[in-house]
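Just follow the structure's listing: the first ligand is 1, and inside any ligand the first atom is 1. In this chain, residues are counted from 1 in sequence order.
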Amino acid sequence: MRRVSIFGATGSIGQNTVDLISRSPDAYEVVALTGAGNIAQLAGDAIRLKARVAVTAHEDRLDDLRAALAGSGVEAAAGQGALIEAADRPADWIMSAIVGAAGLAPGFQALRHGTTLALANKESLVTAGPLLLQEAARHGATILPVDSEHSAVFQGLVGEDISCVERIVITASGGGLRDWPIEALAEATVADAGAHPNWAMGQRITIDSASMFNKGMELIETKEFFGVSHDKIEAVIHPQSIVHALVGFCDGALMAHLGAPDMRHAIGYALHWPDRRALPVARIDLARIATLEFYAPDLTRYPALRIAREVMETGGRSGAIFNAAKEIALDGFIAGRIGFMQMSAVVEETLDAMSSQVRLTSPMSGLEDVLDTDQMARQMARTRITQMETT
Ligand code: NAD
Ligand code: MG
């Protein structure tokens, strides 16, 4: 039996992982499931999957979790320390699907035990890519990408020589506002930006898809994970979301990965890797789809892509600043404090402001440095939002 833990089990990725695991209950021994405010979901899944422990990130919800688990034999725990302890529990495969920078510490902790970490939490690679890969190498741990584009690239590279890779192309749907006139974008509401044409995902990542901050994060993720230079990585708009990524080789071949827009594909690939097993995802009917379109993104419409390219070139601590400022800008947009197009202004101006305090290109010294930089950038981004509100 494989021992598995799911961090962020109650979220969109977490629930897709729970779905796959619960289809073969005899194959897995569930060690830990973690969540935050959704106690009923967390407890229900923990009981159904016979997890050893369920952890909520909210310390003040421990009693609720205990009550929900009463008599089930599943242990209850709460708070940051409990998340780290859960990452210390031996497991063969761990899903890292907490959203945001909160996912960093449990992932790092799990790697220290030489586990296989299925990484959905893209913030880990964007903020601390080199450290994360070093930590994995130091402890003989394996990181498998779960973002659909990166899983597609990873699959395209099986048996290939990375030095023969000329380019990596990741696709973007263009998000819910893709066909809006550019001058209307400033007025887009949270409901407008929170509707995705192809994928069912959490609210934050859906809005990040509309602004293409998500794609910007993924460009940086690609550079960090595959170690390919920034000028070999491109993003292209592909409204059908059928081709997830393409890898171009030195002989001119361009290998594409096609699949239904269903995260259970990337999750399942990471779960069964290095094998391929049958997965409950829809099969592509090419004749029905008939047309696959691709076009270059307009950087005026998507300033996040331009900023992300600068971050890829700069490296160092710019990824952590980009991510932190993006999270605060997104909070500001969701709270109605800033407009849709102001999110990129917050991120760009935070990078600028931080560059007068720290050297953006200098590498991170450790997880604490990452978290300090994250906090500093968040503070600057908050200040910037307050200034925008008053002008
Ligand atoms: P989500 O918001 O649906 O779920 C987030 C999970 O994290 C929940 O279980 C929640 O309880 C937990 N959580 C939230 N705040 C927390 C905190 N402070 N401490 C501990 N736990 C906390 O998010 P999601 O869409 O499932 O995305 C999860 C991660 O995977 C993100 O990094 C996202 O970028 C990435 N990702 C998601 C998708 C997708 O299709 N949803 C695709 C690729 C990558
Ligand atoms: Mg993705």
Side-chain angles (χ1 to χ4, degrees), residues 5-19 32-43 45-46 54-59 61 65 77-84 86-87 95-107 109 117-127 144-154 170-173 175 194 196 198-209 212-222 225 235 238 241 243-245 257 259-267 269-270 323 326-327 330-331 334 371 374:
S5 287
I6 307 172
F7 284 76
T10 55
S12 166
I13 293 287
Q15 285 293 293
N16 277 308
T17 312
V18 165
D19 175 78
L33 294 187
T34 88
N38 195 344
I39 301 294
Q41 180 82 60
L42 175 63
D45 285 343
V55 185
T56 164
H58 300 324
E59 213 138 351
R61 300 297 304 276
L65 183 59
Q80 278 309 307
L83 282 174
I84 301 296
M95 167 54 75
S96 164
I98 289 176
V99 65
L104 248 76
Q109 193 65 20
L117 188 72
L119 189 66
N121 176 270
K122 55 187 73 183
E123 296 84 357
S124 296
L125 277 172
V126 172
T127 62
L144 300 172
V146 171
D147 217 336
S148 55
E149 297 76 4
H150 306 79
S151 173
V153 173
F154 190 70
I170 60 172
T171 62
S173 69
H196 200 282
N198 306 332
W199 292 90
M201 307 183 288
Q203 183 198 41
R204 298 181 73 85
I205 189 173
T206 303
I207 298 173
D208 281 349
S209 295
M212 284 244 206
F213 266 111
N214 182 51
K215 210 49 56 181
M217 298 274 285
E218 292 181 354
L219 286 171
I220 304 168
E221 249 186 295
T222 306
F225 189 80
H238 167 46
S241 297
V243 176
H244 302 308
H257 179 286
D262 184 332
M263 284 309 293
R264 290 177 303 176
H265 180 82
I267 297 166
Y269 186 78
N323 176 67
K326 183 224 76 162
E327 286 198 28
L330 181 57
D331 290 343
I334 292 172
L371 298 175
D374 174 88

Please list, in number order, the atoms of ligand 1 under 4.0 Å from a heavy atom of [X].
X	result
Thr10	8 (C), 9 (O), 10 (C), 11 (O)
Met263	40 (O), 42 (C), 43 (C)
Gly35	11 (O)

Heavy-atom nearest neighbour in the protein, as seen from [atom], with distance rounded to 0.1 Å:
atom	answer
atom 3 (O) of ligand 1	Ser12 N, 2.9 Å
atom 11 (O) of ligand 1	Ala36 N, 2.9 Å
atom 23 (O) of ligand 1	Val99 CB, 4.0 Å
atom 28 (C) of ligand 1	Ala97 O, 3.3 Å
atom 25 (O) of ligand 1	Gly202 N, 3.5 Å
atom 43 (C) of ligand 1	Asp147 OD1, 3.0 Å
atom 35 (C) of ligand 1	Ala120 O, 3.1 Å
atom 39 (C) of ligand 1	Ile13 CD1, 3.6 Å

With heavy atoms under 4.0 Å as the rule, classify the contact between [X] and ligand 1 as side chain, backbone, both or neither.
X	answer
Ala9	backbone
Ala102	side chain
Ile98	both
Met217	neither
Ala57	side chain
Lys122	both

4.5 Å side-chain heavy-atom contact, [X] and [Y]:
X	Y	answer
Val55	Leu33	no
Ile6	Thr34	no
Glu221	Glu149	no
His58	Leu65	no

**OP:** Look up atom OG in Ser96 and atom CG in Leu119, then write down how far apart they are to the nearest 0.5 Å.
**Re:** 5.0 Å

Restricting to N, O or S atoms, which atom of [X] is closest to the Mg ion (ligand 2)?
X	result
Glu218	OE2
Glu149	OE1
Asp147	OD1

Any nitrogen or oxygen of [X], main chain or side chain, under 3.5 Å from a nitrogen or oxygen of ligand 1?
X	value
Gly100	no
Glu123	yes
Thr34	no
Ile205	no

Under 3.5 Å side-chain donor-acceptor pair for [X] and [Y]:
X	Y	result
Gln15	Asp19	no
His265	Ser148	no
Asn198	Ser241	yes
Thr222	His150	yes

**OP:** Step by step, work out the salt bridge (charged side-chain N to carboxylate O under 4.0 Å, His left out) result for Lys215 and Asp208.
**Re:** CA-CA 8 Å; Lys215 210 49 56 181; Asp208 281 349; over 6 Å; no

**OP:** Start with the C-alpha gap between Asn323 and Lys122, add the side-chain angles, then the distance that decides, and say whether side-chain hydrogen bond (donor to acceptor under 3.5 Å, both in side chains) holds.
**Re:** CA-CA 10 Å; Asn323 176 67; Lys122 55 187 73 183; over 6 Å; no

**OP:** Show your working on side chain to side chain contact (heavy atoms under 4.5 Å, CB included) between Glu123 and Met217 and close with a plain yes or no.
**Re:** CA-CA 8 Å; Glu123 296 84 357; Met217 298 274 285; 3.9 Å; yes

**OP:** With side chain to side chain contact (heavy atoms under 4.5 Å, CB included) as the test, would you mind laying out the steps for Met95 and Leu144 before giving the verdict?
**Re:** CA-CA 10 Å; Met95 167 54 75; Leu144 300 172; over 6 Å; no

Original post:
After noting the C-alpha distance and the side-chain angles of Leu125 and Ile220, does the key distance pass the side chain to side chain contact (heavy atoms under 4.5 Å, CB included) rule?
Top reply: CA-CA 8 Å; Leu125 277 172; Ile220 304 168; over 6 Å; no

